Protein chains: 2
Amino acid sequence: MKQIGRLHVITDFTFQQKHSHTELAMMAIQGGADSIQFRQKHGSLRDLLASAHAVQLVCSSNNIPFIVNDRVDIAQAVHADGVHLGQVDMPASLARAILGPDFIIGITTPDSSLASKAFSDGADYVGFGPVYPTKSKSNPIGVQGIEGLAKFCNTAKLPVIAIAGITAERSVEVMKAGAYGVAVMTAVSLAKNPTMEVQRFSEVVCRQ
Amino acid sequence: MKQIGRLHVITDFTFQQKHSHTELAMMAIQGGADSIQFRQKHGSLRDLLASAHAVQLVCSSNNIPFIVNDRVDIAQAVHADGVHLGQVDMPASLARAILGPDFIIGITTPDSSLASKAFSDGADYVGFGPVYPTKSKSNPIGVQGIEGLAKFCNTAKLPVIAIAGITAERSVEVMKAGAYGVAVMTAVSLAKNPTMEVQRFSEVVCRQ
């Protein structure tokens with residue numbers, strides 16, 4: 001049985017270098033995150049493999065699903081539980097063919113027709129955003145807002161993980177809008193106390 | 001039975017944009033290349049997949065092994081016959097675990113100890129170079145020369161594909177030094193007539 005988390009903490013080593021990927025994963029799990037996503041856009045494959053492998057060990061020893069952002073090859077190499085793919089990454093249907101039925105596949109889908117495609121391509125969940133403005137990603141498609149999220153959740157056939165600019169306070173209305181869960185990155189990585197910050201999210205998001 | 005080519009033509013769209021990857025592959029096969037390697041360092045994964053898939057179709061319809069440089073995920077997605085990996089890419093042992101026994105795996109190995117490791121890791125051939133100076137790759141380890149190649153071939157337990165700065169003329173001494181074959185890129189892609197240039201290589205390299 002696939003375990004799709006509600007509170008996805010994305011490890012970030014781009015917007016901060018105070019905590020390593022592994023440290024962030026440990027703090028997030030301690031705070032109550034039920035999914036960890038490894039996200040690193042730069043560096044050699046060997047470095048990415050080493051970092052991803054270290055995070056995978058933390059997740060597997062805590063029985064928390066470990067998801068790799070973007071890279072199907074890294075996800076396979078480190079025996080991750082899942083992969084999260086954007087619209088410019090490997091298409092979900094190809095990823096499913098490569099990874100098999102037991103792998104968690106999440107797809108970022110900025111609109112309902114792409115969400116339908118993700119469903120028919122065999123994805124397990126969809127990422128939707130940006131719900132709020134965020135500095136950690138350029139958002140050419142524009143902010144969708146809570147209304148856009150609610151409309152999207154209303155038609156999506158897969159669990160919706162909301163992303164971008166979500167704070168612990170905002171996650172109340174995000175969940176009310178129909179999201180299955182949230183994905184957070186800098187809200188945690190840049191927090192004074194990442195563990196406590198995750199705990200604040202967890203109290204809202206994981207109490208469903 | 002794996003078919004390891006002797007004349008690997010690497011499709012290049014970085015040093016020239018006159019010919020597409022697919023056009024280069026077609027001209028190379030027409031000229032007598034018995035292996036095509038797709039090499040593209042930049043661009044979105046979707047673009048890489050589209051280009052690689054087009055080259056794969058050309059290769060499979062001509063029964064020529066199609067090898068993807070660097071990316072295990074792309075090689076899997078387009079059903080390539082093999083993957084060629086550098087020392088900063090996926091380690092051969094991991095690639096073998098992911099890709100299975102029938103996939104061709106080539107590893108760039110600048111010295112004999114790395115060649116031994118490639119052998120024990122399950123690689124099918126090793127790439128060795130730079131044999132001559134080349135402008136298409138920075139060569140921090142220095143040019144190995146024909147003597148370096150001969151020494152390397154003498155101890156390598158796998159077929160050696162020589163690379164870097166190899167011209168049709170130079171391929172005579174390269175093969176004499178013990179190479180199983182050669183890999184060429186700009187010597188073909190920048191040639192006035194790529195098909196004829198490949199033919200000149202082929203007459204030396206594939207006549208073994």
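In the text below, chain A, chain B and the rest are named by the order of the sequence lines, each starting its count at 1. Quick caveat: nothing in here was measured; it's all calculated off a predicted structure. Just the heavy atoms: all of them, side chains too, but no hydrogens, waters or symmetry mates, feed the values below.
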Solution key, residues 156-165 of chain B side-chain donor-acceptor pairs under 3.5 Å, sequence neighbours excluded:
none

Query raised in the report: Highest number of heavy-atom pairs under 4.5 Å with chain A: which of B/Asp73, B/Leu48, B/Leu49, B/Leu45?
Result: B/Asp73
Requested in this report: List the steps and the verdict of ring pair (Phe, Tyr, Trp, His ring centres under 6.0 Å) for A/Phe201 and A/His8.
Outcome: CA-CA 10 Å; A/Phe201 275 103; A/His8 296 231; over 10 Å; no
Report summary line: chain A shares the most heavy-atom pairs under 4.5 Å, among B/Ala95, B/Gly86, B/Ala77, with B/Ala77
Query - Proximity breakdown for B/Ala97 and chain A, heavy-atom pairs closer than 4.5 Å - result: neither
Report summary line: In terms of heavy-atom pairs under 4.5 Å with chain A, the winner among B/Ile74, B/Val88, B/Val72, B/Asp47 is B/Val88
Query raised in the report: What about the rings of B/His53 and B/Phe38, do their centers lie closer together than 6.0 Å?
Result: no
Requested in this report: Report the relative orientation of the aromatic rings in A/Phe152 and A/Phe128; use parallel for angles under 30°, tilted for 30 to 60°, perpendicular for over 60°.
Outcome: parallel
